[in-house]
Engineer: 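Before I ask anything, here is the structure I am working with.
First listed ligand is number 1; within each ligand, the first listed atom is number 1.
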Amino acid sequence: MTSSVDPIGCSGFSRRAFFRFAAGASALASLPILTEAHLALAQRPQFADPNKGIHIDANENPLGPSEAARQAIANIIPRGGRYLFDIQEDLAATFAGIEGLNPESVMPFPGSSQPLHFAVLAFTGKNKPLVIADPGYEAPIWAAKVSGTPVIKVPLADPKGAATHDIRAMLAASSTPGVLYICNPNNPTGILTEKEDLLRILAQTEREKVWFILDEAFIDFIPEESLIDEVRAASRLVILRSLTKFFALPGLRAGYLVSNPEVIQYFSRDKEPWRVNALAQMAAVESLQDKIYVARTKEWIRLERKSLTQGLRGIPGFIPYPSTANYLFVQLHPTLNLTAAELRERLILHGILIRDCNSFHHLGPYFFRIAVRSKRENQALLKALRQVHREIIKGK
Ligand SMILES: Cc1ncc(COP(=O)(O)O)c(C=O)c1O
């Protein structure tokens with residue numbers, strides 16, 4: 001890989017990247033930032049009432065926001081009538097404190113979708129392709145479309161078996177990559193990329209001055225696998241974190257971009273200081289420090305993911321992949337003669353919404369994704385799946 005950057009004083013930025021970023025930012029006015037939730041919504045039937053039925057097409061923690069977060073929101077409401085300068089730095093400082101980082105390495109956003117979109121726009125272009133795994137999280141591809149950036153999709157090493165990132169192929173995919181994007185754990189598969197492989201990517205991207213965007217939206221389920229410590233020494237590493245998954249703040253919206261302070265300075269230009277509102281900010285600050293909530297969420301995922309996986313394995317023709325996150329990627333064996341789209345339709349009759357993964361490039365019609373939810377919801381799903389399976393066998 002080679003790269004021709006034109007430094008502008010701070011390490012590793014090109015003037016062109018700035019203009020591309022500005023152009024991208026104005027293009028945002030006409031093109032929406034697409035997130036996984038939008039893609040799930042696009043499949044949602046019109047009548048779907050979020051308060052009824054079992055919605056497992058988006059990956060949400062069934063515990064909801066932590067008690068400490070709820071209390072913090074209640075406490076800040078009376079102060080909502082003021083400009084709260086005094087809490088503005090709290091989220092970056094809290095996260096940086098927990099991770100032992102410089103607070104200037106952390107830039108909060110309302111979720112991680114915005115910074116992901118901005119980062120792809122900033123560092124890719126017509127001659128700087130986006131290199132991404134297939135299947136992988138689709139939002140960066142939508143961002144690339146905004147600027148007409150070529151997208152190089154590198155198939156997972158064995159989509160029907162281990163389904164890991166093909167690191168060697170990704171590193172060799174382009175002679176002038178703009179961004180190498182890795183989602184870890186991957187979405188939709190839930191499969192983890194080994195730290196050793198990530199460090200190989202980091203070494204090469206640093207050496208060849210290529211941007212490495214590492215999406216750690218689901219890493220809180222397996223935090224020891226994070227590359228966050230590498231941020232201190234890296235110049236081209238951009239890590240995205242979200243509080244909308246593990247910490248259950250998708251409605252409140254909080255996340256951040258983590259990188260070296262020069263990258264943060266660059267991204268801070270032209271951005272308003274009040275990106276994350278006080279409710280989300282205080283909920284996020286408290287969530288990060290709520291050790292009881294963290295332990296409960298880990299315990300829930302450990303038990304429920306295991307029992308859901310076992311339950312699925314007990315239904316002939318349903319093949320769940322080993323996940324490290326709060327969702328399961330499942331293949332329907334073609335001999336069942338049931339596509340994920342048909343399964344989805346049948347489950348809607350039970351008030352259950354799943355994510356048909358047919359939109360993921362070369363997957364084909366037999367894959368779907370479900371969120372791991374509460375015991376009650378998981379059992380209801382398994383019951384409905386067993387019934388659908390019986391109907392299929394009887395040819396109904
Ligand atoms: C892998 C991945 N990254 C980023 C996001 C963006 O999430 P948010 O904007 O809610 O932080 C999502 C949403 O589902 C996701 O699945």
Engineer: Minimum heavy-atom separation for P62 to W300, with atom names?
Structural biologist: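 Heavy-atom minimum between the residues: CD-CZ2, 3.1 Å.
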
Engineer: Please confirm whether D215 approaches ligand 1 to less than 4.0 Å, judged on its heavy atoms.
Structural biologist: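 Checking ligand 1 against D215, which is what was asked, there is a heavy-atom contact under 4.0 Å.
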
Engineer: Which ligand 1 atoms, with their elements, are less than 4.0 angstrom from a heavy-atom of F218?
Structural biologist: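 Listed by number with element, the hits are 1 (C), 15 (C), 16 (O).
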
Engineer: Short list, please: which atoms of ligand 1 are under 4.0 Å from a heavy atom of K245?
Structural biologist: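 Matching atoms, with element in brackets: 7 (O), 10 (O), 12 (C), 13 (C), 14 (O).
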
Engineer: Under a 4.5 Å cut-off applied to non-hydrogen side-chain atoms, are I167 and L198 in contact?
Structural biologist: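 No - every pair of side-chain heavy atoms lies 4.5 Å or more apart.
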
Engineer: Which atoms of ligand 1 are found less than 4.0 Å from any heavy atom of G111?
Structural biologist: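 The atoms of ligand 1 under 4.0 Å from a heavy atom of G111 are 9 (O), 11 (O).
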
Engineer: Would you say T324 and N184 make side-chain contact, with heavy atoms under 4.5 Å?
Structural biologist: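 With C-beta onward as the side chain, the pair stays apart.
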
Engineer: Which of the atoms in ligand 1, numbered in the order shown and given with their element, are less than 4.0 Å from a heavy-atom of S242?
Structural biologist: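 Reading through ligand 1 atom by atom, the close ones are 8 (P), 11 (O).
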
Engineer: Between R253 and ligand 1, is there a nitrogen or oxygen pair with a distance under 3.5 Å?
Structural biologist: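 Yes - when backbone and side-chain N and O of R253 are compared with those of ligand 1, one distance drops under 3.5 Å.
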
Engineer: What atoms of ligand 1 come closer than 4.0 angstrom to any heavy atom of C183?
Structural biologist: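 Once the distances to C183 are compared, the set is 1 (C).
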
Engineer: Taking side chain to side chain donor-acceptor pair (under 3.5 Å) as the cut-off, I'd like each qualifying pair that reaches into residues 219-233, sequence neighbours left out, listed once.
Structural biologist: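 Output for this query lists E216-S226, S226-R241.
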
Engineer: Knowing that exactly one of R376, K375, R373 qualifies, which makes a salt bridge (Lys or Arg N to Asp or Glu O under 4.0 Å) with E304?
Structural biologist: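 Going through the options one by one, the only one that passes is K375.
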
Engineer: So that I can tick it off, tell me whether E299 and R296 are bridged by a salt bridge, with the cut-off set at under 4.0 angstrom between side-chain N and carboxylate O.
Structural biologist: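 E299 and R296: not salt-bridged.
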
Engineer: Quick check on contacts: which atoms of ligand 1 are under 4.0 angstrom from a heavy atom of A217?
Structural biologist: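 The list of qualifying atoms is 2 (C), 3 (N), 4 (C).
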
